[in-house]
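Every chain is numbered from 1 and lettered A, B, ... according to where its sequence line falls, protein lines coming before strand lines.
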There are 2 protein chains.
Amino acid sequence: MLSQIAASEDLVFFRPHQFLTREHDRPEALYDILEGWACRHRLLPDGRRQITALYLPGDLCDPMWSLTPTCHEPVIALTNVRATRKSLVDPSTIDRHKGFSSRLAESVERQSNWLVSLGRKTAVERLAHLLLELFERMRRAGLAYGQQCALPLTQTDIADATGLTAVHVNRTLQSMRSKGVLELHSKWLRIPDLGALRDLAALGPHDAL
Amino acid sequence: MLSQIAASEDLVFFRPHQFLTREHDRPEALYDILEGWACRHRLLPDGRRQITALYLPGDLCDPMWSLTPTCHEPVIALTNVRATRKSLVDPSTIDRHKGFSSRLAESVERQSNWLVSLGRKTAVERLAHLLLELFERMRRAGLAYGQQCALPLTQTDIADATGLTAVHVNRTLQSMRSKGVLELHSKWLRIPDLGALRDLAALGPHDAL
DNA sequence: CCAGTGAGTTAGCCTATGTTAGCGTCGGGC
DNA sequence: GCCCGACGCTAACATAGGCTAACTCACTGG
């Protein structure tokens, strides 16, 4: 039934800051991210920015199109991105896409987790949580090597995802590094002790991650 | 086709703090809230609490059951609640429920808005945003009278929804009251100047509300 | 009638985090 | 080889909001 969903599958590329989807776009395509990271975000009138979702390699990047007829949060590339573009014949068939609803569920649950993080957690907890989540996702995508994985975000990106300041992200990462709970150099993350980081993340007993 | 979805429709009541749905419950019922307010929330191990959704009269309260096979955030009553319980014959038919997917879309978009609020907004902005949203929802439900509506939340509830402290919510509300942008006494909200409050809320140009 | 409880309020102090600003390094483009 | 713009990093200072604690005012229940 794939033919009903994707008329064509093209290989496409994006550079950092390029839009995959603009605000108010109507559903036309899904992107299967092969390489690179992207995010969904929102800007306040005065420039404050909040990242509301991250798309990693292996993720199906759909700006909630099964739910909203028009995209209300732009999606932009954070790094170079290589993806296959699946243009949609009939948007109403989106949800027939393979594994679609379970992916959607994941992403909504993640958003819920972030909500708790932003609302109630300290800087250390937010960072621990975010980095654990990202590591885990990379691992599931087969892109982790032992306790390590790529993490191509700038500290500013991390700040915009965690609701902190770039300066404070730096401070906090420093202190976490010095305590040996994580290493993060030149876009590469290493977590010597998963358990320790987990403890720092103030996860509820049932948080899946 | 209603018969396929709801085997029975009972009138049910809840008292404050009573569970409509517990964590790990499996989908059994939806509640159509006739009267009273409820919320979905999450507790951190040390007691910190974040409210992740509010259910008002007229809302269909479903803890994301179309998405997750098991409820990961409990739903509890904040006030006395009167609702009709629609028990589900076959959970997989949830999404056939009338207007279901558009309600789901709304709730996901709201969650997105809250994310931005918690991540990037000040106390005044968060409160303005929340109160505007609630007033607007009450208005749509036909429960607003002019510029006023019921708002049966305690300041602690408001704090847990906005990621602030009850004390700080109080301080901030005081100052907003004294500036005349809102009145909030004995569970009753009045907004003398919608526009003024809107300005305080730091909404993006395209935030629906 | 009184005790107990939950809610709103206020005050004083404290600290996590924001702000501003500046430095050094790196890599790309010319 | 030189600029220039990102980015990471640091330091000094400023503040929004957290924390603790106390007092009041309903209510509720016995």
Practice item. Report yes if at least one side-chain N or O of A:Asn170 is closer than 4.0 Å to OP1 or OP2 of D:dG8; otherwise report no. Key: no
Practice item. For A:Asp157 and D:dC7, give me the distance from atom CG to atom P, rounded to whole Å. Key: 7 Å
Point to revise | Nucleic acid footprint by protein, nucleotides 15-26 of chain C - heavy-atom cut-off 4.0 Å, B for base, S for sugar-phosphate alone | key: --BBBB------
Practice item. Establish, from distance only, whether the side-chain atoms of A:Glu125 and A:Thr122 form a donor-acceptor pair under 3.5 Å. Key: yes
**Study point:** Integer-rounded Å distance: C:dG8 P and B:Leu151 CG
**Key:** 11 Å
Check your understanding: How many Å lie between CZ on A:Arg15 and C1' on D:dA6, as a whole number?
Key -> 15 Å
Point to revise | Side-chain donor-acceptor contact under 3.5 Å, B:Thr52 with B:Glu73 | key: yes
Review point. Tell me: CH2 of A:Trp188 to P of D:dC7, nearest whole Å?
Key: 20 Å
Revision key, fill the gap. Taken to the nearest whole Å, CG/A:Leu118 to C1'/D:dG17 is 16 Å
Exercise for review: State whether the side chain of A:Asp157 and the backbone N or O of A:Thr154 hold a donor-acceptor pair below 3.5 Å, judged by distance alone.
Suggested key: yes
Practice item. Looking at every strand, decide which applies to A:Arg177 at a 4.0 Å heavy-atom threshold: base, sugar-phosphate, or nothing. Key: sugar-phosphate
**Study point:** Interatomic distance where CG belongs to B:Leu173 and P belongs to C:dT9 [whole Å]
**Key:** 8 Å
**Study point:** Nucleotide C:dG6, atom C1' - distance to CG of B:Leu153 in whole Å
**Key:** 15 Å
**Study point:** Whole angstrom value for the distance that separates C1' of C:dT10 from CD of B:Gln174
**Key:** 9 Å
Practice item. Can you spot which of B:Asp160, B:Leu54, B:Ile76 makes a side chain to side chain contact (heavy atoms under 4.5 Å, CB included) with B:His41? Key: B:Ile76
Review point. Any chance the side chains of B:Arg126 and B:His129 put a donor and an acceptor closer than 3.5 Å?
Key: no
Review point. Any luck finding a side-chain donor-acceptor pair between A:Trp188 and A:Glu183 under 3.5 Å?
Key: no
